[in-house]
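We count ligands from 1, going down the list as the structure has it; atoms in each ligand are counted the same way. These numbers come from the heavy atoms of this one structure, side chains and all, not from hydrogens, waters or symmetry mates. Just so it is clear, the structure is predicted and the values come from calculations on it, not from any experiment.
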Amino acid sequence: MALLFLVAHSVCAFNDNFLRNWVNRVQTIYNSTDGNHTTEGAIFGDVYESAHILYLYSFLLSTLIVFALLRSVAFMFVCMCASNNLHSNLYTGVVATKMRFFHETSQGTILNRFSSDIKSVDQDLPIQFLDFLNAVFTVSFISLMVTTVNEWMIICTILTLVIFYYIKQWCLRTLRDIKRIEDSRRSPVYDHLKATMSGITTIRAFGVQNELKDHFDDLQDMHTAPSYIGMAGMRAFGFWLEIFVVLYVALVLLSFRLFLNEEYGGNVGFAVTQAISLTGIFQYGMRQWGALETRMTAVERILEYSNLEPEETIKKTMSAEWPIHGEISFNQVSVKYFEEEDLVLEGLSFDVGKREKIGIVGRTGAGKSTILAALLRLAYIERGKITIDGVDISHIPLSILRSNISILPQEPKLFAGTIRTNLDPFGIYQDNVLWSALENVELKTFIAKRPNGLQAMVDVGGMNFSAGERQLICFARAIIMRNKILVLDEATANVDSDTDKKIQSTLARCFGDCTVLTIAHRVETVINSDRILVLDKGRRVEFDHPYQLLRNKSGTFYKLASETKTFDNLLEIARQNFNRIDGNNLE
Ligand SMILES: Nc1ncnc2c1ncn2[C@@H]1O[C@H](COP(=O)(O)OP(=O)(O)OP(=O)(O)O)[C@@H](O)[C@H]1O
């Protein structure tokens, strides 16, 4: 690309020189006839040499156009590749980094990198870089050519360039810092906007639109203040450059008037037109250089996130069938979310056999959801070992581990798109598989009635579906995944009893041969489990069949159950379930 720039500008310089020599040659011939007008026609006839020179000059101009186009295409290609690479690296860096990053970094800051910084790299930087390169080559060639006509101008040129360099250094140091401040003040604007959009109903309900608008204006002012100073600074920089360029042009003109007795008009015209052409391009090029350097902070910020510490580096393949049984074992596991914080789970041990249905209960903050976080390696396992089908999960690549565990969280997550893309994001399954899953969660008729069936639109966050419908769609997704392990984290806490029943019956029907962990506050939700794990302050306090636990009147589970209004009913259900187990005949 650099070579194409050099060639294009060399051809341009060659063309200008060609023109100069042509004019000088006309003058020589004109002088040799002593200004005899009668021979003028002959002069031009000789000079044009039967239009050959015109053809040659046209050819040179065409060559210039070809090289200029080639240069632009090569430049566009290089910029596109660079921009693609920067975006891919940024995306990989952010997606693969540790969870801690997302706890510590606001969404606005991340959004800022993916929107404003990427826009700078996509749109602003290439234009500024192209203008800058053009200016550098143009100025270098003009200086060279002016010097060929008047060698004393080399001193002036070098002096002017040194002055420019110092002005640039002086201005840009400040402008770069201003740009950094401007960039960092954009994130709070995004944060505020995002928070406002998600809480718009609450804002309207409390009638605090004006307070939020004022706050937004303040944040916007904080952002536009450095932006305006930066723009004004850049203009001031251009203004001072322009003054020095005008001085330089004046020196070129004066040098011919005062010191040189130039014989050829072509040389004078050439030097003057070249020097004058510096006026616009030079200050514009320098301004673009300045803007380029300040905008490089966008690249700096993208690279910062591209090089975030990744969550894991394990590169290992697992058998496609893993896990076959879905047996889970926690062995003296101690877990914390951040290294400097206290343990959330302490020396927790329990084993879950294949196809077992385990309920996990405990008071708020007991560490129930942390078991799921540990299983997915979202939290930091300080001591102990968790195995699935005998394989230590710390040796399993995260993508494999997480894609083999289905989760049904309290807040169901739907993506903007269609029902189909929500059920099968990777487009792997046939329509009949998806319809069958929808039938299992009793949503088939509901979706089929929609105009586009599986292609029915889902709004951001699935807001055009009720909470229960969203949960059932997520459940259908879990059915399609056919994983051996399913974890329900308060999955039925926000749904009505009807949806709860649908989920429970689907669980029994579709997940009979899977290991199911059900995290719940309500004892009713887990009373049908094979065993219940009771947690308190991150420790296991009980782990047995619900009926056994309900018979222990000093136990934690008994206390939790006795707080409900349906204790007798719960006891009866647990007793019947216990009775059905081979060898447990309580009659
Ligand atoms: N992402 C997190 N980062 C830091 N600490 C966390 C995080 N999530 C949970 N904790 C802490 O871990 C402890 C256990 O939380 P956890 O969510 O596992 O409890 P829980 O039993 O599921 O509670 P609840 O029933 O209220 O959901 C709490 O003290 C909580 O503050």
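- A salt bridge does not link D489 to K368: none of the charged side-chain nitrogens sits closer than 4.0 Å to a carboxylate oxygen.
- Every atom of ligand 1 with a heavy atom of H103 under 4.0 Å away is listed here by number and element: 1 (N).
- When hydrogens are left out, the protein atom nearest atom 5 (N) of ligand 1 is Y337 CD1, 3.4 Å; that is the closest non-hydrogen contact.
- For atom 31 (O) of ligand 1, the nearest protein heavy atom lies 4.0 Å or farther away.
- At a threshold of 4.0 Å, the pair R186-E182 counts as salt-bridged, since one of the basic side-chain nitrogens sits closer than that to a carboxylate oxygen.
- With salt bridges taken as basic N to acidic carboxylate O contacts below 4.0 Å, one links K484 and D513.
- Distance check on atom 7 (C) of ligand 1: some protein heavy atom falls below the 4.0 Å cut-off.
- At least one N/O-N/O distance between G367 and ligand 1 falls below 3.5 Å.
- Considering every non-hydrogen atom in both I479 and C510, the closest pair reads CD1-SG, 4.1 Å.
- Salt bridge annotation for R180-E304: absent, with no cationic side-chain nitrogen under 4.0 angstrom from a carboxylate oxygen.
- Scanning all protein heavy atoms for the shortest distance to atom 12 (O) of ligand 1 gives V344 CG1, 3.3 Å.
- Considering each of L378, T364, D536, L535, the one bringing a non-hydrogen atom nearest atom 26 (O) of ligand 1 is T364.
- Protein heavy atom closest to atom 17 (O) of ligand 1, with residue, atom name and distance, is S369 CB, 3.7 Å.
- Checked for salt-bridge contact, R450 and E469 miss the test: no charged N lies under 4.0 Å from a carboxylate O.
- Closest to atom 29 (O) of ligand 1, if we only count protein heavy atoms, is G365 O, 4.5 Å.
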Next item on the list: Show your reasoning for whether salt bridge (charged side-chain N to carboxylate O under 4.0 Å, His left out) applies to K336 and E341.
Entry: CA-CA 7 Å; K336 51 169 75 169; E341 285 186 2; over 6 Å; no
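- Every atom of ligand 1 with a heavy atom of R363 under 4.0 Å away is listed here by number and element: 21 (O).
- Nearest protein neighbour of atom 16 (P) of ligand 1, counting heavy atoms only, is T370 OG1, 3.6 Å.
- In this structure, atom 25 (O) of ligand 1 lies nearest to the protein heavy atom K368 NZ, 2.8 Å.
- Ring centroid separation for the pair Y305 and F114 does not come in under the 6.0 Å cut-off.
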